[in-house]
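Step one of this worksheet: look at the structure below.
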Number of protein chains: 2
Amino acid sequence: MTTIRDVAKLAGVSVATVSRALNNSGYVSISAREKVEKAVKELNFYPNEVARSLFQKKSKLIGLLLPDITNPFFPAIAKGVEDCVNERGYSLLLGNVEGDSEKQEKYLRIFEQNNIAGVISAVQGNPINLKNMPFVSLDRINEEQKYVVHSDDFLGGQLAAQAIIDGRAKKVVIMAGPENVSASKVRLKGNKDILDRYAVPYEIFQTESFHLDLAEETAKAVFNQLSEFDSVIASNDIYGLALITEAHKRGIKVPEELQVIGYDDMPFSKMMTPPLTTISQPAYEIGYKGAKLLCNVMERDSVTEKRIQLPVTLIKRETLREKDEHE
Amino acid sequence: MTTIRDVAKLAGVSVATVSRALNNSGYVSISAREKVEKAVKELNFYPNEVARSLFQKKSKLIGLLLPDITNPFFPAIAKGVEDCVNERGYSLLLGNVEGDSEKQEKYLRIFEQNNIAGVISAVQGNPINLKNMPFVSLDRINEEQKYVVHSDDFLGGQLAAQAIIDGRAKKVVIMAGPENVSASKVRLKGNKDILDRYAVPYEIFQTESFHLDLAEETAKAVFNQLSEFDSVIASNDIYGLALITEAHKRGIKVPEELQVIGYDDMPFSKMMTPPLTTISQPAYEIGYKGAKLLCNVMERDSVTEKRIQLPVTLIKRETLREKDEHE
DNA sequence: TTGAAAGCGCTACCAA
DNA sequence: TTGGTAGCGCTTTCAA
């Protein structure tokens, strides 16, 4: 391992000068800088981040907490986060938490032990071990959190309900995501707001998780436990797809007999037969803007826009009935 | 921040004793150990990994290089990796490389600057900046690499071709994944091996990437550039789905007029209409076993099983024609 | 069995 | 403008 001492020796200057030259801090004469640069190049030297981090009590690492890396929504967020932090010279320490709050706390501890510069989390809840690490919440947020980036879940819920109503819903089933996840709760509110306004009857089917593996059995359960519904607002695209698949198995036609709307606009949703109508939220952008916010929080003390809300849009495809233009 | 000094002071022993007690190294009397444990608990002390890593010249971090976190295959691998390294007390530094070899080298440098314990990579190619970090390749491997975990791509290719033939393929299109990706190349060989054996005519449509965003336009291109094919071996499930969607748009019936087989058995592939027939490879297990292999390489010097191959299976669903039992 | 002290590679203070 | 040096929190000699 080549160190700053090797560079100093080769350049014929002190380690202090090398350090100043590398960090553009303090005074360095042009000739000294040149000697250092030459030596750095010759030795192919890159400073050890661990040593730097030990001294600064702060590393160039950012902790990323995800509820489920297997759910396509989160890799999209992660990519946005990564792109942004990379531009600023940070790297990501990954923590896939799986709804396990012990695991979450364990990760927070690991983050702290590694002098993390900040943490960005799409996991619901206020971590205990957070100490005073800069912290930004994504998507699954709560009221007390100071820095958050999320999309307009209430509007998303409204849009979904409105679209279903436009498809002449007589009786709708709302598959509501986990009760402890803010985004689900708010969407549900949005759904109800519109459904109530138009006095369309609905039933709520509460799901415990967004996990992909549960989608199929949940779809079955919906059909087994509920009846005579002609419209479903699914908790996300995967659950919507599972529901459509189950409907097909039971000989129910989509959208004629049963219309379905998803949430998230996952990459494959447009490739279904029929292509899934859904609410799109800008996952990549949530990640990117969240990371940007975190960087700003870490670098300055004052940040103007602390709680950022991004728009959602209805993506009309073919799992909803056509609006009856003649009524 | 509470340090080992605080613990030492509270326990009434020296920092050396605290260190020994924490690491179970060297002699520590029972009474000293008890005092230390009590102090540790009282102060809620966790050792700083950065300091430890600086001294050891080795951190508890493992670098994970992924070609595209957005492709569901890789999060599945990542989860396997994470589960395994967690059990052994390591955490993951994430590097999403996007087929950009500069980015890959940049990450390797960052890994090195952070005293990484090892790296695990699903990216094709032999990194230059690898120095002597323990290194395990996953899925996209090559001959020179010492430690690899992958699935039986040749068999996968054969299985896909055989299944297509069983569905009475007259003329098949092979969508071959990127030429520089080993897994694609080997699968293609497997395809050809069987197709040639049965003298079934085929054309190869070379794709440049596995990237999700390109799936739709690739599907269009296949139909625009090629004709009179009745079977497609897609490079993965996403591309298979995109192809089916495009076929439907063009009024082509699947599987009657066009049969399609995918690769990877992504989580949503069974929820399509019709459900996608595909080749399943154990992504999670590839990740898990790869991480296990890496840990063994890092901990001991001798590892018996250096190149691990995992099985693949044909998942029959409904995008292939039935085998004609009467022929 | 214990503790003092050196030192991992770096930054920043302070004196020159 | 420069360099010597202390010290970040930890582990590991080595002497007691």
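Just so we're on the same page: letters track the sequence lines, and every chain starts at 1. Hydrogens, waters and symmetry mates play no part in the numbers below; they use all other heavy atoms, side chains included.
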Task: Length of the line joining A:K60:NZ and C:dC10:P, which is rounded to integer Å - done: 16 Å
Task: Nucleotide nearest A:I4 when distance is taken to its side chain, options C:dA5, C:dT2, C:dC10 - done: C:dC10
- [ ] Calculate, to the nearest 0.5 Å, the distance between atoms CZ and OG1 belonging to A:R20 and A:T17 respectively.
- [x] 4.5 Å
Open item on the list: Tell me if a side-chain donor or acceptor on A:Q113 pairs with a main-chain N or O of B:P47 at a distance below 3.5 Å.
Closed with: yes
- [ ] Respond yes when some side-chain nitrogen or oxygen of B:S14 is under 4.0 Å from OP1 or OP2 of C:dG3, and no when none is.
- [x] yes
Open item on the list: Short of 4.0 Å, heavy atom to strand atom, which residues of residues 42-58 of chain A count as contacting DNA chain D?
Closed with: A:L54, A:F55, A:K57
Open item on the list: Would B:K306 pass as a cation-pi partner of B:Y147, given that its NZ or CZ must be under 6.0 Å from the six-membered ring centre and within 45 degrees of the axis?
Closed with: no
Task: No-hydrogen, no-angle side-chain donor-acceptor test under 3.5 Å, A:N114 and A:E112 - done: no
TODO: Within residues 19-33 of chain A, find the residues that approach DNA chain D with a heavy atom at under 4.0 Å, and present them sorted by residue number.
DONE: A:R20, A:Y27, A:V28, A:S29, A:A32
Open item on the list: I need the CE-P distance between B:M1 and D:dC8, as an integer number of Å.
Closed with: 11 Å
TODO: Take atom CZ of A:R5 and atom C1' of C:dC10, then tell me their distance rounded to the nearest Å.
DONE: 11 Å
TODO: Check the distance between C:dG7's C1' and B:N115's CG and give it to me in whole angstrom.
DONE: 15 Å
Open item on the list: For a quick check under 3.5 Å, do B:Q124 and B:S182 share a side-chain donor-acceptor pair by atom type?
Closed with: yes
- [ ] Rounded off to whole Å, could you give me the CG-to-C1' distance for the B:N114 and C:dC8 pair?
- [x] 15 Å
- [ ] May I have the distance from A:K9 (atom NZ) to D:dT2 (atom P), rounded to whole angstrom?
- [x] 20 Å
TODO: Determine whether B:Y107 and B:V97 make a side-chain contact, defined as any pair of heavy atoms from C-beta on separated by less than 4.5 Å.
DONE: yes
TODO: Check the pair B:E305 / B:K292 against salt bridge (charged side-chain N to carboxylate O under 4.0 Å, His left out), numbers first and verdict last.
DONE: CA-CA 11 Å; B:E305 211 183 358; B:K292 201 165 149 189; over 6 Å; no
- [ ] Sorted by first residue and then second, give each side-chain hydrogen bond (donor to acceptor under 3.5 Å, both in side chains) pair with at least one member in residues 33-45 of chain B; sequence neighbours left out.
- [x] B:N24-B:R33
Task: Sub-4.5 Å side-chain heavy-atom contact between B:V81 and B:L138 - done: yes
